[in-house]
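Worksheet: one structure, shown below.
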Amino acid sequence: MTIEREHDEAWRELRSRLADHLVSMEPDEELGLAVDDGSGEVPAYVVVDVEVGGRLLLEAVGVGGLVEPWVPGDEYEDDDPVFHAELAQRECDLAAALVAGALRDQHGCLHPAFLLSRELDLDGLRWESRARTLPRARVLGDDAPLAVLVEDRDHLQRMVDATLAEMLDQPIAHDEDGDVPVPVGESVVWVQVLPDRPSVALFAILVDEVTDVDAAAREVSGLQARLPYLQVRATADSIVVRHEICAVPFAPRQLAGVLARLCSEIDDIAGEVAERVGGRRFLAGLGDGDEHDADVDEPLPGGLDEHLATVVELLLDGQVEPAQVAAAYDGQRTLLVRSLVGLRTGTVTVPGVDIDLLLHTVRSGLRHIVDQAARRDEGPTRPRGPRSQQLSLLPEDEPGLDLPGSERWVG
């Protein structure tokens, strides 16, 4: 099935469900559809109200260029267009076509997977995960397809994993949330397949433990101009950057290109900004040890210690999870770093064990500890802020709909 045909069928199904719902609505009931494109706010939505006498009142906000039967509303502004339309309830098919056309044709929403509604059943149209086996294949080679039409979240996750493994030339490890951390100098970039729609997010804590909050707020606009492909956000104690890639279809080279650019810039820029705002790069001081590591200041070991020996024994019995590696080292980053240095320099030798596999396993434990620290510090989230009071149409329990007052999104 082609991409265009698959999209057409999804929108046709949406119009059918929408028409069936509109014809069954009672007076004073309303239905809303909002675009959720990951931009940090709701860029466009349509609300349909039913009045006594069987009339449908349609309001489209954030959608420009609409023509009859749409008419500009009194509150219309060029940068925030508002249109209204009025139809008989028996014209529910036309109303459904107008709503879908406004969101798809005029606003440019790619697929119903990018829509939210409290009243309308979107099951099967929203992003779902179905188990599917993806054959091993190179995704960045000259003979690889430029784009792939992913069928579900599992398919997309496998494609992302394959892209990262090929790009980084090493196996990738997932943290407890399913994200892939990519260390870059003293910084970390996380790659995440979003759970609710076909998109891939890249985010990073540019500067952590900020002491001069006002200076951090002033940095945001300059960083946004310097990194125009990223969203930049200042929180109470950090500066966070984020980029989201639409995966309809998924283009492996696009992900590799954005990640490569971000990795080439983030660490140097983070160091500069950290000095100006009184903070630190995310992994800065990793080898200095924590307070509870004060009793482990011995020189690098010349052989196996009990922590690395534990991992080796577990590895001989099968795959070792990152959390198990972290537990073997009692959660102490310094000990993990020392084992990695010892293995890489040859001062620690483990006969009969694949050194590359052992390095990857120990490194996964380090990533696990680092990621846990990031989660405790309330790392980057994806807030979605309402544009107006009409957004009562969104689910009240939808996570992340309220934009925290202490944060600013730019971009």
Side-chain angles (χ1 to χ4, degrees), residues 1-37 42-63 65-71 73 82-130 149 151-153 195-198 248 384 386-398 401:
M1 181 183 294
T2 64
I3 294 174
E4 292 79 7
R5 181 179 175 187
E6 190 272 339
H7 288 192
D8 288 344
E9 290 188 0
W11 284 103
R12 188 179 302 112
E13 174 64 20
L14 175 70
R15 290 195 300 270
S16 175
R17 295 187 191 185
L18 186 54
D20 290 343
H21 190 96
L22 293 176
V23 76
S24 64
M25 290 173 61
E26 299 294 333
D28 298 327
E29 290 185 346
E30 73 172 21
L31 176 147
L33 278 172
V35 176
D36 175 21
D37 64 355
V42 176
Y45 61 88
V46 178
V47 178
V48 182
D49 291 290
V50 179
E51 289 196 338
V52 176
R55 304 294 296 174
L56 297 177
L57 300 182
L58 286 67
E59 180 183 50
V61 179
V63 183
L66 297 178
V67 297
E68 284 191 51
W70 293 102
V71 295
V82 178
F83 285 87
H84 298 283
E86 183 173 347
L87 300 170
Q89 191 169 10
R90 64 177 180 275
E91 299 177 286
C92 56
D93 290 324
L94 175 58
L98 289 175
V99 172
L103 296 173
R104 182 188 188 186
D105 301 330
Q106 296 304 125
H107 180 73
C109 182
L110 294 173
H111 192 280
F114 292 92
L115 297 178
L116 292 172
S117 178
R118 185 178 62 189
E119 300 85 7
L120 186 63
D121 177 17
L122 296 177
D123 286 348
L125 299 177
R126 290 286 293 169
W127 192 231
E128 292 184 326
S129 177
R130 303 190 304 272
L149 181 59
E151 299 186 7
D152 50 58
R153 188 180 186 277
D196 59 347
R197 62 180 182 278
V248 185
R384 308 183 194 119
R387 290 166 60 97
S388 78
Q389 294 181 352
Q390 285 284 357
L391 290 182
S392 60
L393 62 96
L394 293 176
E396 296 179 359
D397 58 350
E398 181 76 7
L401 288 176

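When reading the values below, keep in mind they use all heavy atoms of this one structure, side chains included, and skip hydrogens, waters and symmetry mates. Counting begins at 1 with the first residue of the sequence.
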Taking side chain as C-beta onward, heavy atoms only, is [X] less than 4.5 Å from [Y]?
X	Y	answer
Glu59	Val82	yes
Leu98	Leu66	no
Gln89	Met25	yes
Leu14	Leu115	yes
Glu91	Leu56	no

- prompt: Applying the side chain to side chain contact (heavy atoms under 4.5 Å, CB included) test to Val48, which of Leu120, Leu18, Leu33, Leu22 qualifies?
  reply: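 Among Leu120, Leu18, Leu33, Leu22, the one meeting side chain to side chain contact (heavy atoms under 4.5 Å, CB included) with Val48 is Leu22.
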Can you name the nearest heavy-atom pair linking [X] to [Y], along with the distance?
X	Y	value
Asp121	Arg17	O-NH1, 3.0 Å
Ala96	Arg15	CB-O, 3.5 Å
Glu51	Leu57	OE2-CD1, 2.9 Å
Gly32	Ser117	O-OG, 2.8 Å
Arg153	Pro195	NE-CA, 3.3 Å
Cys109	Phe114	SG-CB, 3.8 Å

- prompt: Counting distance only, does the side-chain N/O of Gln106 pair as donor-acceptor with the main-chain N or O of Val63 below 3.5 Å?
  reply: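 No, because the side chain of Gln106 does not come within donor-acceptor range (under 3.5 Å) of the backbone of Val63.
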- prompt: Are the side chain of Glu29 and the backbone of Val50 linked by a donor-acceptor contact shorter than 3.5 Å?
  reply: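 Checked: no pair found.
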- request: Return yes when atom CZ of Arg90 has more than 12 non-hydrogen atoms of other residues, nucleotides or ligands closer than 6.0 Å, and no otherwise.
  value: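 Atom CZ in Arg90 is not packed in, count stays at 12 or less.
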message: Does Leu58 form a side chain to side chain contact (heavy atoms under 4.5 Å, CB included) with Trp70? I'd like the steps, not just the answer.
response: CA-CA 9 Å; Leu58 286 67; Trp70 293 102; 3.8 Å; yes
message: Once rounded to the nearest 0.5 Å, what's the spacing between atom CG of Asp20 and atom SG of Cys92?
response: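 Rounded to the nearest 0.5 Å, the CG-SG separation comes out at 7.5 Å.
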